[in-house]
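This one's a predicted model, so the numbers in the text were calculated from it and none came from an experiment. Whatever order the structure lists ligands and atoms in, that order sets their numbers, starting from 1.
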Amino acid sequence: MRQSESMEMWRSLGLDLEAHDGLLRVLGDAYKQIYLSQQNRPERMDYFNFVISEIHGLRVKELLDAREEGRKVIGSFCLYVPEELVLAVDGIAVGLCAGADVGTEAAEKMLPRNTCALIKSFFGFKIAGLCPYTEACDLVIGETTCDGKKKAYEIFCQLKDTYVMEVPHTKSAAAMALWRSEIGRLAAKLEEVSGREITAESLRAGIETVNAKRRALQRLNALRQANPAPISGRDALLINQIQFYDDPVRFTTKLHDLCDELEERVKAGVGVVPADTPRVLVSGCPMAAPNWKLPYVIESSGAVIVGEESCVGERGTRNLVSDAGSTVDELLDALADRYLQIDCAVFTPNPDRLRHITEMARAYDAAGVVHYCLQFCTPYSMEATLVGRSLAEAGIPLLKLETDYSMEDVPQLQTRVQAFLEVLRQ
Ligand code: BJ8
């Protein structure tokens with residue numbers, strides 16, 4: 001997209017042009033250093049490079065064009081918001097910016113300092129006028145997952161039209177009844193906002209589109225089980241991040257193209273790194289774009305990340321929605337079932353997550369697990385103790401890291417990761 005066109009679009013969205021320009025410069029430099037400097041990358045990562053280069057340009061223009069045609073753009077920050085329902089009213093679902101250390105000072109005037117970086121970041125992006133997606137949205141859907149988010153939406157809704165879903169914190173029958181009614185309530189809200197009725201056909205089409213996207217991501221994950229790993233963890237994370245922004249059908253096609261190339265690499269024994277590189281699984285808090293810090297630290301220290309037990313990773317893609325129902329109610333039941341299987345740490349107890357981390361470490365032949373936790377995230381930092389115990393029983397080493405979005409602790413993280421890799425090598 002031409003620079004003058006982009007500027008005009010950002011101006012019309014009310015962004016702070018000078019600060020936004022600075023942000024794009026910083027991100028462009030980081031992208032060069034973290035992504036473009038990689039050796040032996042699959043050629044078909046070109047599409048994903050292009051998406052990133054236009055992430056605040058062409059894609060935002062597509063959203064604005066769709067709005068001109070009467071379609072609604074719905075933003076969210078969590079995996080519990082079903083994209084299928086948004087598609088069923090011919091809307092577009094987008095994940096909103098929450099992965100960079102911007103506007104923190106302004107955010108801390110409204111939020112306690114000891115709030116996790118992800119929450120401060122989504123406030124920061126909004127207050128500082130830096131997220132074109134938030135500005136292009138008709139509605140933001142929040143959720144009552146952790147306490148921080150739940151309370152933050154009470155303030156955020158004064159800055160942006162926000163609707164909050166109630167997410168239960170157990171998986172009991174009563175919790176399922178509540179969750180099913182919340183799915184119905186959201187469906188009604190989306191019908192009201194869009195002026196469109198959800199039919200069994202439109203909902204099934206939405207389910208098929210999102211299932212197809214998840215199947216493509218599952219294919220990518222399966223290919224990463226090969227040794228040598230055909231693609232870096234950094235690139236796999238990037239793809240997982242882009243899935244929250246890109247058009248789902250186009251994304252699925254492009255990801256299958258990349259997987260075809262990766263399949264050839266696996267057959268030929270070509271890896272992005274040598275076969276004896278330590279293989280690591282990352283588990284924990286989501287890494288929203290453009291949060292690339294830890295994968296960079298791990299991979300530039302001599303390991304390769306082969307899987308992410310994360311919402312921006314396998315936690316978000318491993319379960320599909322059954323499309324067997326023939327009525328709207330039956331399909332909504334299937335959505336409720338699938339979404340309540342997500343094993344976010346806000347649930348208690350949460351044995352599925354513990355079991356799944358071990359299963360993943362084995363399936364991906366990971367020598368160890370790095371547990372990634374954002375500072376002040378109580379659910380994931382508390383659960384790290386149980387994760388450590390269950391991995392110890394399976395004989396799998398764990399490194400627990402707590403960090404935020406600033407770059408100040410990078411040398412300290414590097415030291416800890418390098419020491420952990422030494423242990424894995426032995
Ligand atoms: S389903 S992980 S996307 S809630 S890091 S804001 S938990 S204090 S992001 Fe999440 Fe949905 Fe769960 Fe996934 Fe709170 Fe922790 Fe911050 Fe977090």
Anything under 30° is parallel, anything over 60° is perpendicular, the rest tilted; go ahead and classify Phe347 against Tyr80.
-> tilted
Just jot down the ligand 1 atoms closer than 4.0 angstrom to any heavy atom of Thr145, in number order.
-> 4 (S)
Which bit of Val346 gets closer than 4.0 Å to ligand 1, counting heavy atoms only: side chain, backbone, both or neither?
-> neither
Numbering as shown, the atoms of ligand 1 that approach Cys285 to under 4.0 Å (heavy-atom distance) = 5 (S)
Per-atom contacts, ligand 1 versus Cys311 - under 4.0 Å to a heavy atom = 1 (S), 2 (S), 3 (S), 13 (Fe)
Where's the contact between Cys78 and ligand 1, heavy-atom distance under 4.0 Å: side chain, backbone, both or neither?
-> both
Under 3.5 Å, is there a donor-acceptor pair between the Glu84 and Tyr339 side chains?
-> yes
Pick out which of Phe125, Tyr163, Phe122 makes a ring-ring contact (aromatic ring centres under 6.0 Å, His included) with Phe156.
-> Phe122
When you check the gap from the basic side-chain N to the acidic O, do Asp409 and Lys293 get nearer than 4.0 Å?
-> yes
Against heavy atoms of Lys149, which atoms of ligand 1 measure under 4.0 Å?
-> 3 (S), 4 (S), 6 (S), 9 (S), 10 (Fe), 11 (Fe)
With atoms numbered from 1 as shown, which atoms in ligand 1 lie under 4.0 angstrom from a non-hydrogen atom of Cys116?
-> 5 (S), 6 (S), 8 (S), 16 (Fe)
Any chance the side chains of Gln38 and Ser232 put a donor and an acceptor closer than 3.5 Å?
-> yes
Can you tell me the protein heavy atom closest to atom 12 (Fe) of ligand 1 and the distance?
-> Cys344 SG, 2.3 Å
